[in-house]
Amino acid sequence: MGAGTYPLQPRPSLVGTSLARVARVYAEFVRVGFVNTLAYRLRYYTGIVTYFIYVSVYYFIWKAIYADSASIQGFDFGQMLTYISVGWIIRSFYFNNIDQDIAYAVMEGKLAMDLIKPVNPQFMYIAQALGESLFRLGMLTVPTAVVLLLVYPIRKPASALHFTGFFASVLLSFFIVAAINFAVGTFAIRLQSILGLLRAKYFLLELFSGLLIPISFFPRIFVDIFAVLPFEYISYVPVLIYLGKLSGWGIARALTLQVFWILVLFALGDAMWRWSSRKITIQGG
Amino acid sequence: MKRHLRLFLLYFAQYAKVRMAYKADFFIAVISSMTATVLGFGFVLVLFSKIPRLQDWSFYEVLFLYGFSLVPLGFFNVISWNLYEFGDVYIIQGRFDRILLRPVHTLFQILFEKFRLESLQEVLTGTVVIAVCVQRLRLAWHGADYLWFALMVACGAVIYVSVFLILTAVSFWFEDRVGIVPPVFNMLTFGRYPLTIYNVFIQFMLSWIIPFAFASFYPTTHFLRRESFESLFHLVPVVAASFFVLALIVWERGVRNYSSTGS
């Protein structure tokens with residue numbers, strides 16, 4: 001992983017270290033994540049097909065539904081199709097497998113390597129995932145967007161300003177997902193195998209983030225509960241900005257709340273890592 | 001036949017023992033697996049809280065279709081574990097040598113060496129959902145319906161096994177660097193909704209190229225008493241048998257083509 005190149009020294013606290021040095025260290029992890037993904041670049045061709053299939057299923061479902069009505073919950077067919085498509089397109093960027101990576105590191109006994117590195121493990125995993133996501137942006141997100149735009153009548157963003165807000169929001173989505181996955185991943189340290197748990201989390205995020213269906217379609221009680229949880233800030237909120245259903249202060253408020261959730265989840269992940277790493281048993285040796 | 005049945009039970013018992021070594025772990029796997037399945041219904045439940053029907057399909061009819069798609073798939077998931085890693089573990093690492101040395105059919109060993117036990121919950125969840133729908137839709141099942149149901153579940157599982165066996169057998173010739181299985185696996189999603197909502201191209205593909213419609217949609221139309229697909233419903237066993245034979249032929253050719261890693 002290239003980690004051996006760093007001189008071992010006491011774990012730097014973020015305060016009191018030169019910020020440029022810290023940035024350099026994590027930039028290296030971003031690079032490693034990017035390069036590691038390079039080996040699997042062929043897989044992205046089928047990834048595009050997979051995303052195309054997902055969007056197509058929902059395209060036909062909504063097409064059948066809108067045959068009877070012009071507008072449902074304030075969405076016309078064009079908006080709904082755009083909602084679904086943009087949702088899947090950004091998903092191809094923001095998702096990551098930090099939780100799985102931790103699970104495998106535990107199973108293969110590689111977690112020891114993470115512990116001896118003089119870095120914050122949460123930021124290390126997130127930096128690597130960012131490298132992967134940047135790679136995917138070019139290899140998966142953009143091609144998928146092009147294919148979908150060619151096949152389906154997807155609407156343009158509401159305005160240049162909305163698109164800028166949307167772009168910033170998607171970047172923040174990445175950090176929300178990354179922080180959630182890190183926190184979930186720490187369970188791997190205490191449990192024997194968490195792959196089943198991860199599958200449940202996968203379906204939970206798909207549904208509660210608004211990727212499958214806009215949050216406003218949920219029964220009222222769920223809408224109220226989701227408002228105080230971070231999940232809808234992953235997909236629902238960025239796509240609403242794209243569609244122009246959030247504007248001006250609404251966008252500013254949404255971005256602020258995304259940052260708020262990132263900070264809360266970072267703190268949670270850090271606490272969970274501390275709690276879990278007190279109990280680490282390294283497999284094999 | 002009797003020997004194979006005995007072997008199957010021994011394989012099963014052996015693997016169950018392995019999993020039961022970590023009881024809490026297995027328990028968590030079952031609960032998480034069930035949570036994932038139930039969340040999968042979320043889209044349909046939320047959708048129908050805002051719309052009355054999907055084309056001319058009511059909520060419980062769509063729910064029936066979704067539930068039915070889970071039952072054969074659950075059985076398939078239980079035995080398909082080895083297919084996912086076949087290329088990596090058996091071909092590239094050369095573990096297939098071991099399979100060839102034993103006096104039992106290769107396919108038998110590959111399918112029954114490992115079981116994803118927790119996927120049995122999908123069979124259970126699907127069946128419960130179907131039972132609720134049968135009651136709500138007042139379908140009044142008779143003895144014959146239960147027999148058809150069992151047959152259709154078996155045929156559906158055979159169709160899934162056959163399709164993915166053919167794809168798996170490709171690794172006897174090529175190292176699959178592109179990953180052709182995931183897109184096909186994701187096409188299973190198409191089978192969870194009425195076939196009639198899709199365009200002609202997708203309908204044709206799901207019927208005659210990758211016949212997932214014969215594993216979920218056509219059986220469901222029979223149980224929902226939708227007469228227009230009755231002739232295709234009767235074709236289900238034929239399609240299942242044909243694809244299974246095709247899969248066996250491809251597999252046998254693949255086995256003959258196998259040359260070990262040579263180290």
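Any value given below was found using the heavy atoms of this structure, including those in side chains, with hydrogens, waters and symmetry copies removed. If you're wondering where the values come from, they're calculated on a predicted model, not measured in any experiment. Just so it is clear: chains get the letters A, B, ... in the order the sequence lines come, proteins before strands, and each one is counted from 1.
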Just one of A/Phe203, A/Tyr54, A/Trp88 clears the side chain to side chain contact (heavy atoms under 4.5 Å, CB included) bar with A/Leu212, so which one? A/Trp88
Partner chain A: residue of B/Val38, B/Thr35, B/Thr37, B/Leu47 with the largest heavy-atom pair count (under 4.5 Å): B/Leu47
Sort B/Ile51 into side chain, backbone, both or neither according to what part of it lies under 4.5 angstrom from a heavy atom of chain A. side chain
So for A/Tyr58, is it side chain, backbone, both, or neither that comes closer than 4.5 Å to the heavy atoms of chain B? side chain
Closest approach of B/Tyr218 to B/Ser207 (non-hydrogen atoms, all atoms of both residues): OH-OG, 3.0 Å
Please classify the contact between A/Ile72 and chain B as side chain, backbone, both or neither, with a heavy-atom cut-off of under 4.5 Å. side chain
Parallel, tilted or perpendicular: which describes the rings of A/Phe217 and A/Phe75, with under 30° parallel and over 60° perpendicular? tilted
Non-hydrogen atoms of chain A under 4.5 Å away: do they reach the side chain of B/Ser49, the backbone, both or neither? side chain
Sub-6.0 Å ring centroid separation between B/Phe112 and B/Phe12: no
Other residues, nucleotides, ligands: >12 heavy atoms within 6.0 Å of B/Lys114 NZ: yes
Ring centres under 6.0 Å, that's the criterion: do A/Trp62 and B/Tyr193 meet it? no
Taking side chain as everything from C-beta outward and backbone as N, CA, C, O, which of these in B/Tyr198 sits under 4.5 Å from a heavy atom of chain A? Side chain, backbone, both or neither. both
Would you mind telling me which of B/Glu118, B/Arg192, B/Met34, B/Met187 has the largest number of heavy-atom pairs within less than 4.5 Å of chain A? B/Met187
